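See structure below.
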Amino acid sequence: MEPAAFSPLDRYLSLLNEEQLAAVKHEGSPLLILAGAGSGKTRVITTKIAYLIAEKNVAPYSILAVTFTKKAAKEMAERAVLMDSRAAQSVIRTFHSFGAWFLRRFAEDAGVDPNFTVYDDDDMATLVGKAVPSLSRQEASHAAHKISLAKDYCLAPDSPDLITIESNPDFPQIYAEYEKRLRVTGNVDFGDLIMLPVLVLQRNEEIRRQMHYRFKVIMVDEYQDSNVAQFKLLQALSGVEENTGTYVCVVGDDDQSIYKFRGAEVQNILTFQNHFPGTQLIRLEQNYRSTARILAAADSVVRNNEDRLGKTLRAVRGKGGEPVLVFLPTQDDETAFCADLIEKAHAKGCPYKDWAILYRTNAQSLGFETEFLHRKIPYTVVGSLKFYDREEIKDMLAFAALTANPRDEIAFRRIVNKPTKGIGGKSQDMVVLYSQTTPTLDGAPVGLVQACRECAKQLSKKAATGVMEFAAIMDELTACVAAEKSGDTLSSFIEKIANRTGLLEYHSAQDEVSGTQRAGNIQELINSAVLYPCTRQGLLDFLDSIELDRTIENPDQEDTDSVTLITLHNTKGLEFPRVVITGLEEGIFPRQDKSSEELEEERRLFYVGITRAQDELYITACTVRRLYGRTEYMQPSRFLAEAGKGIFKVLGNVPSAYGYAVGDSGSSLGAGGFGTGSIGAQTDPLAKKYKKGTRIYHDDYGYGYVVATGSRSGEFVITVQFENGSAKQFLPKYQGHSLMIEDEM
DNA sequence: CCCGTCGTTATTTTT
DNA sequence: TAACGACGGG
């Protein structure tokens, strides 16, 4: 590729298709770009930024572009700058990082400390527990979760609508107590990063004007994932109700909205045109990623949804091979089938990294891990353990956070006694209480480090020595970043934390006994700070970058050749040449009995999974699955039948519950030999045991009669009508142990 | 303070 | 089934 930095804009425009070009050049009204999977939306946004700067004389700094993930923001910024270097002055950030920027700037108006750090879910739960001590740990974390959700919907503690989030009548008070406690620390949680700016903008006309003056163009990517608070932020920033003339452009795909449980509101995109009058809608329907038959499968699934704006992807690539749907007897056959596929392809030269195994729940990765380990197939599990959630890292960062903000109660409690200095919970309570009830001259609470020193005489001898030692450590750390212009990087500060506090030693000792690599992780954290100066501001920037991006940056993951094991949710934005979507069974995917709205979201999740595949797509479903220690008979996912006939090439023993017969009954699996569990039904001796009319007792369902027998996937299956009214199907072969026949009792 | 045992509980998780 | 948290003994 030749250097692009000085290429004329025209060259970039020439790369666009007709719809993309229209989206880039559109002006004069709000714009909603419905961008299907793989339709090149990032290219459109970045080109649009460059176009506005180069052709429309829009000042770069007056362009605001927000996304949801740091990865996406980074990519967008890089690509925009590549097209026009002036884009470096544009504000291209995640929603949350924009919120943090805003809040530091207007900290006083928002009632927070400009040096705030961001509390994560864990910290929230701890703080709820401290604010309302009567709550159990579990209740506290449940309440914390609901508080997050409330903030996603922009609901304050006194909002009557809280009842829609949590029916517990005590909840508003818990929320209020938590808020009180949080404001004392001066810190914020993730929800605040969006909600507080909204509140500031809503009640302060001057600040609102300032923002309107600053930002003339606002673009939002992945708009289908926005929550109510983010919608309100967009509303306030753009001043759409005040006719500021700010140009608003949102890009998203309603069919890929899969985060409702976290507050994402599909209605934002579905009703965008109502809130932004005169909106023009442009659909990007040309798909550059997948072959046509894969797209047909995706469409056949998602068109069963009612609540969507509707679009049809057109494949730019060829027709491609048929997606394959495989019915397997058990989950062990499923893992074996996947391993066979991968091994066979690998023997023909296909790298492991071309493959991704997708599943609905993390727990499903286990079977694949075991099998792959056994067969020596290299794999990488995405999203399980997060770097910044590790204990040693949280400890390190707590010291850093407390240095930045000495009122950070959560950080203080986390590390004041780590490694142990004889400062128990009671001593901690005393210091915290003293800090919160002893205002300094300017009315702010006295810092916790200072409180340590002032409380020492009231504590036990052991604790007093401990807090003085702790205060001395904190003083040294504070001094370390106080010098405004030392040549050092922040690494030296982080390193000082590791050594001076004893954390490195403490965690190294842990490594010895439990074979972990905490010391290595700490070293990695030290290395990652090298990009920041060893100053107070450097520290704040470092903490910001971490709080707002908690994903693992595994450097050697890129060039390693391994199969990806990943939840469907985590695949968004990714693509793989060969994809297997596993566990297409009722109760697993879609999960349990979902309301129709939730069912639509599950369907979108399936759609997201399918559209990850570039060349080959396999879908598996098992007849029997071990679930919570029980062996359950599974029905094929309703999504499979919904897809309709002719979409998949069907292999394996087709359950009758899947509404379509295999075209060619002799279809054996080319891969061969995975149908290990199948036996002929007619010769099954179990058929004699469980005849129609046999009286059965089941631990969970009580008494009932066998009302039907039959064969599914080559297995003998019975239907039992229980006296409690429910009817269930069982495979005696696997479930015989839980089916008692009355005669034998 | 650490370690073992028992009992409980089972989604998805950008920031 | 298995993993994790709570609790009690050494």
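Labels below follow one simple rule: chain letters A, B, ... track the order of the sequence lines, proteins then strands, and each chain is numbered from 1. Note that these values count all heavy atoms, side chains included, but never hydrogens, waters or copies made by symmetry. This is a predicted model, so every value here is computed, not measured.
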What is the distance, rounded to the nearest whole Å, between atom [atom1] of [X] and atom [atom2] of [N]?
| X | N | atom1 | atom2 | result |
| --- | --- | --- | --- | --- |
| A/Arg591 | B/dT13 | CZ | P | 12 Å |
| A/Asp121 | B/dT11 | CG | P | 16 Å |
| A/Arg262 | B/dT15 | CZ | P | 8 Å |
| A/Phe116 | B/dT15 | CZ | C1' | 13 Å |
| A/Asp192 | B/dT15 | CG | P | 18 Å |
| A/Gln138 | B/dG7 | CD | P | 18 Å |
| A/Leu149 | B/dT15 | CG | C1' | 14 Å |
| A/Ile258 | B/dT13 | CD1 | C1' | 10 Å |

Integer angstrom distance from the P of B/dT12 to that of C/dG5: 15 Å

Taking C/dC4 as the reference, what is the distance to B/dT13 when you measure between their P atoms (whole Å, please)? 16 Å

Pick from A/Thr126, A/Leu182, A/Val188: which one makes a side chain to side chain contact (heavy atoms under 4.5 Å, CB included) with A/Tyr119?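 Among the candidates, only A/Leu182 passes.
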
Phosphate OP1/OP2 of B/dT12 contacted by A/Asn362 side-chain N/O (<4.0 Å):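 For B/dT12, OP1/OP2 do have a side-chain N/O of A/Asn362 under 4.0 Å.
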
Donor/acceptor link under 3.5 angstrom from A/Arg360 side chain onto base of B/dT11: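 Per atom types, no contact qualifies.
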
Residues which pass side chain to side chain contact (heavy atoms under 4.5 Å, CB included) with A/Pro636, listed by chain and number, not counting sequence neighbours: A/Phe327, A/Leu640, A/Pro655, A/Ala657, A/Tyr658

Taking the six-membered ring of A/Phe116 as reference, does the NZ or CZ atom of A/Arg104 fall below 6.0 Å from its centre and within a 45° cone about the axis? yes

Among [options], find the nucleotide with the atom closest to the side chain of [X].
| X | options | answer |
| --- | --- | --- |
| A/Thr567 | B/dT11, B/dT13, B/dT15 | B/dT13 |
| A/Asn570 | B/dT15, B/dT13, B/dT11 | B/dT13 |
| A/Tyr259 | B/dT15, B/dT11, B/dT13 | B/dT13 |
| A/Thr69 | B/dT11, B/dT15, B/dA10 | B/dT15 |

For A/Leu605 and A/Phe95, find the nucleotide of DNA chain B closest to each by heavy atoms; which residue's nucleotide sits nearer the 5' end?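 Its nucleotide being nearer the 5' end, the pick is A/Leu605.
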
Nearest-nucleotide check on DNA chain B, A/Tyr628 vs A/Asn417; residue mapping nearer the 5' end is A/Asn417

Anti versus syn assignment for B/dT12, with syn defined as within 90° of 0: anti

Quick check for you: name the first and last nucleotides of DNA chain C, 5' to 3', having an atom under 4.0 Å from a heavy atom of chain A.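 First and last nucleotides in contact are C/dT1 to C/dA6.
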
Can you list the residues that meet the salt bridge (charged side-chain N to carboxylate O under 4.0 Å, His left out) rule with [X], with sequence neighbours excluded?
| X | answer |
| --- | --- |
| A/Glu179 | A/Lys151, A/Arg183 |
| A/Glu505 | none |
| A/Glu222 | A/Lys41, A/Lys572 |
| A/Lys462 | none |

Between A/Phe261 and B/dT11, do the rings stack, that is, sit under 5.5 Å apart with planes less than 30° off each other? no

Do A/Asp408 and A/Thr185 have a side chain donor and acceptor closer than 3.5 Å?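 Absent: no donor and acceptor within the cut-off.
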
